[in-house]
Amino acid sequence: MIITKKEFKDAVKKVIIEAVKETRNPNFTEEENKVADKKIATGMTEFYSKLIVKLYGQDNEEWIYNKEEAFDNANTILNERMANNDAIETIFENLAYTASVLRLFAMLKENEQEETVPKEFDVEEILKEAKERE
């Protein structure tokens, strides 16, 4: 499966949005949630920016999906984060980033399956005919 840089970035954006939504705490004030949202989005953006550079390099616009390569690169980034900051918070963030990579690749696989399944029916045509029969 070939994944363009744009497809990858679009999927990453969706994963980050999901992470922000899923981590909102109903016990926090709106202001506290905003601070937490920004921290999550910033951390994930930094992580995925590094991963994109490792997978695509500076000039490539396509990457051939390789789960092992992706996780090796993700682990390298996470290990560097731990070497620079071994706080317990970093461990939890790294776990969240690892889980997000799993979600990202599930999303990319779903997108590929949607693209490869031929459309047997034209939805617009069906709706048009249904309207005509009213």
Electrostatic pair Asp10:Lys14 at N-O distance under 4.0 angstrom: no

Rounded distance (nearest 0.5 Å) linking atom OG1 of Thr23 with atom CG of Asn33: 8.0 Å

What class does the angle between the rings of Phe8 and Trp63 fall in, given that below 30° is parallel, 30 to 60° is tilted and above 60° is perpendicular? perpendicular

Check whether any side-chain N or O of Thr4 sits under 3.5 Å from a backbone N or O of Glu61 as a donor-acceptor pair, and report yes or no. no

Kindly compute the distance separating CD1 (Ile77) from CD (Glu46), expressed to the nearest 0.5 Å. 11.5 Å

Rounding to 0.5 Å, atoms CG (Asn66) and CG (Asn73) come to a distance of 9.5 Å

More than 12 heavy atoms of other residues, nucleotides or ligands under 6.0 Å from CG of Leu127: yes or no? yes

Full working for salt bridge (Lys or Arg N to Asp or Glu O under 4.0 Å) between Glu62 and Lys6: CA-CA 9 Å; Glu62 293 182 340; Lys6 182 183 178 337; over 6 Å; no

Using side-chain heavy atoms (C-beta onward) and a distance below 4.5 Å, is Leu55 in contact with Glu69? yes

Salt-bridge present (Lys39, Glu89; N to O < 4.0 Å): yes

Between Tyr48 and Val15, what is the shortest heavy-atom contact and its length? OH-CG1, 4.2 Å

Roughly how far, to the nearest 0.5 Å, is the NZ atom of Lys21 from the CG atom of Asp37? 11.5 Å

For Phe47 and Leu78, what are the C-alpha separation, side-chain angles and deciding distance, and is it a side-chain contact (heavy atoms from CB on, under 4.5 Å)? CA-CA 8 Å; Phe47 168 73; Leu78 298 175; 3.7 Å; yes

Check whether more than 12 heavy atoms from other residues, nucleotides or ligands sit under 6.0 Å from atom CD of Glu30, and answer yes or no. yes

Measure the NZ-CD1 distance between Lys9 and Ile16 for me, rounded to the nearest 0.5 Å. 11.5 Å

Under-4.0 Å salt bridge between Lys50 and Glu80: no

Would Leu102 and Phe71 satisfy side-chain contact (heavy atoms from CB on, under 4.5 Å), going step by step from the backbone distance to the final call? CA-CA 9 Å; Leu102 292 170; Phe71 280 102; 3.5 Å; yes

Glu129 (side chain) donor-acceptor with Ile126 (main chain) under 3.5 angstrom: no

Just so I know, are the side chains of Thr76 and Lys54 near enough to count as touching, which here means a heavy-atom distance under 4.5 Å? yes

Step by step, work out the side-chain contact (heavy atoms from CB on, under 4.5 Å) result for Phe105 and Lys67. CA-CA 8 Å; Phe105 286 112; Lys67 195 174 192 175; 5.6 Å; no

With a 3.5 Å distance limit and no angle check, can you tell me whether Tyr65 reaches the backbone of Leu108 through a side-chain donor-acceptor pair? no

Linking I/L/V/M/F/W/Y whenever their side-chain heavy atoms sit closer than 4.5 Å, directly or via other members, would Leu51 and Met1 fall into one cluster? yes

Separation between OG1 (Thr45) and CD1 (Ile40), nearest 0.5 Å, reads 11.0 Å

Answer yes or no: is there a side-chain heavy-atom contact under 4.5 Å between Met82 and Asn94? yes

Glu124 vs Lys128, side-chain contact (heavy atoms from CB on, under 4.5 Å): CA-CA, chis, key distance, verdict: CA-CA 6 Å; Glu124 294 302 320; Lys128 182 180 172 185; over 6 Å; no

How would you list all residue pairs meeting salt bridge (Lys or Arg N to Asp or Glu O under 4.0 Å) that involve residues 98-107, not counting sequence neighbours? Glu18-Arg103, Arg103-Glu110

What closest approach, in Å, do Ala19 and Met44 show between heavy atoms, and which atom pair accounts for it? CB-SD, 3.5 Å

